[in-house]
Amino acid sequence: MENVGDRETDALRMLAAAKEMIARTKHSVVDRSASFFLWGALVFVACVASYLLELKDPGRDIWLPWAILMPLGGVVSVMLMIRNRRRAHVETYAEHTYDGVWLATGIAAAIIVIGNPALHYFPPRATYVLISILAGIAVYSSGHIMDFVIFKLGGLAWWCGAVVMMMLPVKYHPLIMAAVVI
């Protein structure tokens with residue numbers, strides 16, 4: 001028969017292992033900060049460039065920065081992901097979930113940005129609002145998974161930005177999104 005001391009020791013070992021996995025997952029997410037900076041910089045540049053192009057020649061080529069920078073970001077992100085996976089020999093469940101949230105967000109954003117111009121389902125003015133709502137979901141979910149308050153606040157900022165966009169003329173949407181990125 002097993003005694004109480006052995007059960008307590010086993011429970012403490014399991015607790016320590018779980019705590020170590022959570023700490024490792026948080027560390028690996030911090031290691032992935034290059035991806036956050038990459039996407040933040042690309043989105044910021046695309047927003048500002050779109051706004052400036054709209055001022056120069058309304059309605060013409062304003063999506064060109066997005067068409068160039070987002071695929072570039074996708075390629076660089078895949079390279080960063082491959083590098084990170086080679087470094088980490090084991091992927092935790094939290095990392096797997098975290099990656100799934102961002103993959104789903106990226107696919108949904110691509111459908112909106114690529115599919116909508118072809119199918120004309122949403123009015124074009126809704127694009128920045130929809131992307132901001134999606135980004136808010138991904139950032140907030142990441143903060144929830146990793147228990148990072150700053151990410152949760154970041155998600156709230158994306159959602160607040162979406163609400164502000166709904167209240168202001170569409171020509172200011174790229175600037176609002178750029179401000180949220182910062």
Side-chain angles (χ1 to χ4, degrees), residues 20-55 61-114 127-165 172-182:
E20 181 183 327
M21 286 180 69
I22 291 168
R24 201 186 109 215
T25 300
K26 283 185 176 183
H27 181 73
S28 74
V29 169
V30 171
D31 285 347
R32 296 177 186 188
S33 62
S35 291
F36 284 109
F37 289 119
L38 167 73
W39 282 104
L42 291 175
V43 168
F44 180 81
V45 169
C47 286
V48 172
S50 293
Y51 178 75
L52 294 174
L53 286 170
E54 178 70 18
L55 286 179
D61 300 330
I62 63 170
W63 292 102
L64 193 58
W66 294 96
I68 294 168
L69 294 173
M70 296 307 107
L72 176 66
V75 170
V76 174
S77 288
V78 167
M79 291 179 352
L80 288 171
M81 185 178 66
I82 290 169
R83 184 190 74 180
N84 287 336
R85 289 222 171 132
R86 285 185 182 152
R87 286 183 183 171
H89 301 291
V90 178
E91 182 180 52
T92 67
Y93 180 74
E95 290 170 305
H96 180 73
T97 303
Y98 180 84
D99 289 346
V101 165
W102 282 100
L103 177 63
T105 302
I107 292 169
I111 290 169
I112 291 168
V113 172
I114 296 168
T127 302
Y128 282 100
V129 174
L130 292 170
I131 297 299
S132 293
I133 292 168
L134 280 175
I137 292 168
V139 173
Y140 186 88
S141 296
S142 296
H144 189 77
I145 292 166
M146 299 299 158
D147 199 27
F148 288 158
V149 173
I150 194 73
F151 278 29
K152 291 178 182 180
L153 294 173
L156 292 172
W158 278 103
W159 294 328
C160 289
V163 171
V164 170
M165 286 181 215
Y172 298 115
H173 292 189
L175 290 180
I176 296 165
M177 185 179 274
V180 171
V181 168
I182 290 174

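The shown structure was predicted, so the numbers you read here are calculated from the model rather than taken from an experiment.
Atoms CD1 and OG1, from Ile131 and Thr105 in turn, are 9.5 Å apart once rounded to the nearest 0.5 Å. Met146 contributes atom CE, which lies 11.0 Å from atom OG of Ser141 (distance to the nearest 0.5 angstrom). Here the CE atom belonging to Met165 is positioned 8.5 Å from the OH atom belonging to Tyr128, to the nearest 0.5 angstrom. For the atom pair CD1 (Ile137) and CH2 (Trp158), the distance works out to 12.5 Å, reported to the nearest 0.5 Å. To the nearest 0.5 Å, atom CH2 of residue Trp39 and atom CH2 of residue Trp102 are 10.0 Å apart. Note that the CG atom of Leu103 and the OG atom of Ser77 stand 11.5 Å from one another [nearest 0.5 Å].
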Stepwise side chain to side chain contact (heavy atoms under 4.5 Å, CB included) check, Val164 with Val180
CA-CA 11 Å; Val164 170; Val180 171; over 6 Å; no

Given Leu55 and Tyr51, is the side chain to side chain contact (heavy atoms under 4.5 Å, CB included) satisfied, shown in steps?
CA-CA 6 Å; Leu55 286 179; Tyr51 178 75; 3.4 Å; yes

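Between Trp63 and Trp66, the ring planes are tilted. Angles from 30° to 60° get that label.
A pairwise comparison of heavy atoms in Gly143 and Lys152 identifies O-CE, 3.7 Å as the closest pair. For Val139 against Gly155, the heavy-atom pair with the smallest separation is CG1-N, 3.4 Å. Nearest heavy atom pair, residue Leu134 against residue Ala109, reads CD1-N, 3.7 Å. Pairing each heavy atom of Gly73 with each of Leu42, the nearest pair is CA-CD1, 3.3 Å.
With a 6.0 Å radius and a threshold of 12 heavy atoms from other residues, nucleotides or ligands, Ile182 has its CD1 atom above the threshold.
Counting only heavy atoms from C-beta outward, the side chains of Pro65 and Leu53 approach each other to under 4.5 Å. Between Val75 and Pro71, the closest side-chain pair of non-hydrogen atoms is not below 4.5 Å.
Evaluation of the side-chain contact (heavy atoms from CB on, under 4.5 Å) rule for Leu80 yields Ala34, Ser35, Leu38, Val76, Arg83 as partners, not counting sequence neighbours. Every residue two or more places apart in sequence or in another chain was checked for a ring-ring contact (aromatic ring centres under 6.0 Å, His included) with Phe44, and none qualifies.
When atom types are taken as modelled, the side chain of Ser50 and the backbone of Ile62 share a donor-acceptor pair closer than 3.5 angstrom.
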